[in-house]
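The next block holds one structure in the form of structure tokens; read it before the comments.
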Amino acid sequence: MELDVLEKANPKALKEKLREKVFRLKKERNAYLVAHNYQNFEVQEVADILGDSLALSKAAIGTGAAVIVFCGVDFMAESAKILNPEKTVILPVREADCPMALMATADRLREKKKEFPDAAVVCYVNSSAEVKAESDIACTSSNAVQIVKSLPHRQILFVPDKNLGHYVRRFCPEKEIILWSGFCTTHIRVTAEDVLRTKAKYPGAPFIAHPECPPDVIDLADHVCSTSGFSPYIAKSRADTFIIGTEMGMIFKLKKDHPTKRFIVPTEQFVCQTMKMTTLGWVAHALEVLEHRIEIPEGIRQRAEKTLRRMMDVSKDHPNAVIASY
Ligand code: 13P
Ligand code: SF4
């Protein structure tokens with residue numbers, strides 16, 4: 001039966017066919033399938049590795065695979081290519097970008113650096129290869145405080161996420177952190193009122209927040225962590241209900257890791273549209289045609305690689321670099 005006929009007749013059978021296709025092509029292409037914690041469940045289920053940005057950057061290095069299929073957004077696939085120039089790195093959906101990463105350009109960063117010549121430039125990995133090439137060191141949401149503290153500079157130009165930069169400030173009073181004006185278009189949608197309303201409805205439920213949330217939301221959090229920090233915190237807690245302050249895709253993994261616990265989101269706006277573009281069908285298609293390939297001009301790649309590798313050296317023993325593999 002043709003696939004479209006199959007879809008009308010039996011969507012479950014279509015999904016099974018697509019899964020089979022993904023597993024078969026993964027073998028044939030010698031491909032390694034990497035997925036971010038926010039991906040659709042059907043994509044998480046076929047991934048070789050699931051994790052946060054730091055874990056996935058590390059996981060992408062040194063696999064024996066010839067092809068890395070990165071199910072996430074463009075800057076993540078770019079990081080994989082920066083660290084694995086000899087491999088074919090595929091982003092299944094070309095349009096899957098990160099709106100926050102687009103809020104900083106290399107030109108504007110060069111201008112800003114002239115204003116603050118003594119500052120070290122720390123770029124959140126949610127940035128383009130060009131911006132990484134202009135930066136001194138990268139960070140992720142799980143190691144940002146550690147990275148900033150590791151630098152001898154007093155002045156830090158933190159790009160592009162003002163909310164993560166604001167969060168880092170709380171732990172680094174000795175530093176002057178100059179914020180860029182970028183933000184995550186998903187995490188900005190949760191308000192302190194949403195959280196207070198949800199806390200009132202579920203008294204005693206800990207609120208776990210991603211540091212991309214606005215500062216007044218972070219003020220209400222019982223725990224703040226990267227996407228890989230949620231599950232370990234829940235595992236240690238005695239509570240049975242948790243308020244989840246990050247993108248909803250996280251719930252799939254949390255439900256799988258903790259089937260008896262209950263997860264509540266403070267707003268149903270917590271959806272990253274571009275993370276959700278990648279479907280099982282697109283993954284199968286990407287493996288078939290090996291598109292969309294990530295290419296980075298070599299000069300930029302080499303400079304961006306230094307920025308990423310400096311981060312990895314500083315955070316090589318970071319405890320939050322949890323890799324959950326299905
Ligand atoms: P993590 O590194 O915590 O997975 O965050 C990536 C991201 O884009 C969050 O919005
Ligand atoms: Fe970018 Fe925010 Fe989506 Fe993460 S959740 S990929 S930071 S827009």
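We count ligands from 1, going down the list as the structure has it; atoms in each ligand are counted the same way. Note that the structure is a prediction, hence the values are computed from the model and not measured. We number each residue from 1, following the sequence as shown.
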TODO: Run the numbers for me: atoms of ligand 1, each under 4.0 Å from some heavy atom of Asp52, listed by number.
DONE: 1 (P), 2 (O), 4 (O)
Open item on the list: Tell me whether Gln44 contacts the main-chain N or O of Asn37 through its side chain, where contact means a donor paired with an acceptor under 3.5 Å.
Closed with: yes
Task: Short side-chain donor-acceptor distance under 3.5 Å, Thr246 and Tyr38 - done: yes
Open item on the list: So for atom CZ, which belongs to Arg170, do other residues, nucleotides or ligands contribute more than 12 heavy atoms lying within a distance under 6.0 Å?
Closed with: yes
Open item on the list: Tell me whether Lys199 at atom NZ has more than 12 heavy atoms from other residues, nucleotides or ligands lying less than 6.0 Å away.
Closed with: yes
Open item on the list: Check this for me, if you would: do Arg19 and Glu42 make a salt bridge, where the nitrogen-to-carboxylate-oxygen distance has to be below 4.0 angstrom?
Closed with: no
- [ ] Identify the protein heavy atom lying closest to atom 2 (O) of ligand 1, giving its residue, its atom name and the separation to 0.1 Å.
- [x] Ser53 OG, 2.9 Å
Task: Identity and separation of the nearest protein heavy atom to atom 2 (Fe) of ligand 2 - done: Cys184 SG, 2.3 Å
Open item on the list: Test your reading of the model: is there a side-chain donor-acceptor pair from Thr241 to the backbone of Ala205, 3.5 Å cut-off?
Closed with: no
Task: Whether Ser237 side chain and Tyr233 backbone form a donor-acceptor pair below 3.5 Å - done: no
Open item on the list: Donor-acceptor pair, distance only, cut-off 3.5 Å: does the side chain of Gln269 make one with the backbone of Thr186?
Closed with: no
Open item on the list: Can you tell me if, anywhere in Cys98, an N/O/S atom lies at a distance from atom 3 (Fe) of ligand 2 that is smaller than 2.8 Å?
Closed with: no
Task: Tyr38: numbered ligand 2 atoms lying under 4.0 Å from its heavy atoms - done: 5 (S)
TODO: May I ask you to list the atoms of ligand 1 that are less than 4.0 angstrom from any heavy atom of Ser226?
DONE: 3 (O)
Task: Asn126: numbered ligand 1 atoms lying under 4.0 Å from its heavy atoms - done: 7 (C), 8 (O)
- [ ] Output the list of atoms in ligand 2 that are nearer than 4.0 Å to some heavy atom of Met100, sorted by atom number.
- [x] 7 (S)
Open item on the list: Under 4.0 Å, counting heavy atoms only: does Met275 come that close to any atom of ligand 1?
Closed with: no
Open item on the list: I need the atoms of ligand 2 closer than 4.0 Å to a non-hydrogen atom of Cys272, numbered in the order shown.
Closed with: 3 (Fe), 5 (S), 6 (S), 8 (S)
Open item on the list: Is the distance from the ring center of Phe270 to that of His187 below 6.0 Å?
Closed with: yes
Open item on the list: Among all protein heavy atoms in this structure, tell me which lies nearest to atom 8 (S) of ligand 2, with the distance rounded to 0.1 Å.
Closed with: Pro99 CD, 3.4 Å
Task: Those atoms of ligand 2 less than 4.0 Å from some heavy atom in Asn126 - done: 7 (S)
TODO: Quick one: look at Glu212 and ligand 2, take heavy-atom pairs under 4.0 Å, and tell me if it's side chain, backbone, both or neither.
DONE: side chain
Open item on the list: Using heavy atoms and a 4.0 Å limit, tell me yes or no: is Glu247 in contact with ligand 1?
Closed with: no
Open item on the list: Checking contacts here: is it the side chain or the backbone of His210 that comes within 4.0 Å of ligand 1, counting heavy atoms only? Could be both or neither.
Closed with: side chain
Open item on the list: Suppose we measure from atom 10 (O) of ligand 1 to each protein heavy atom; which comes out shortest, and what is that distance?
Closed with: Glu212 OE1, 2.8 Å
Open item on the list: Less than 4.0 angstrom from a charged side-chain N to a carboxylate O is my criterion; do Asp194 and Arg197 meet it?
Closed with: yes
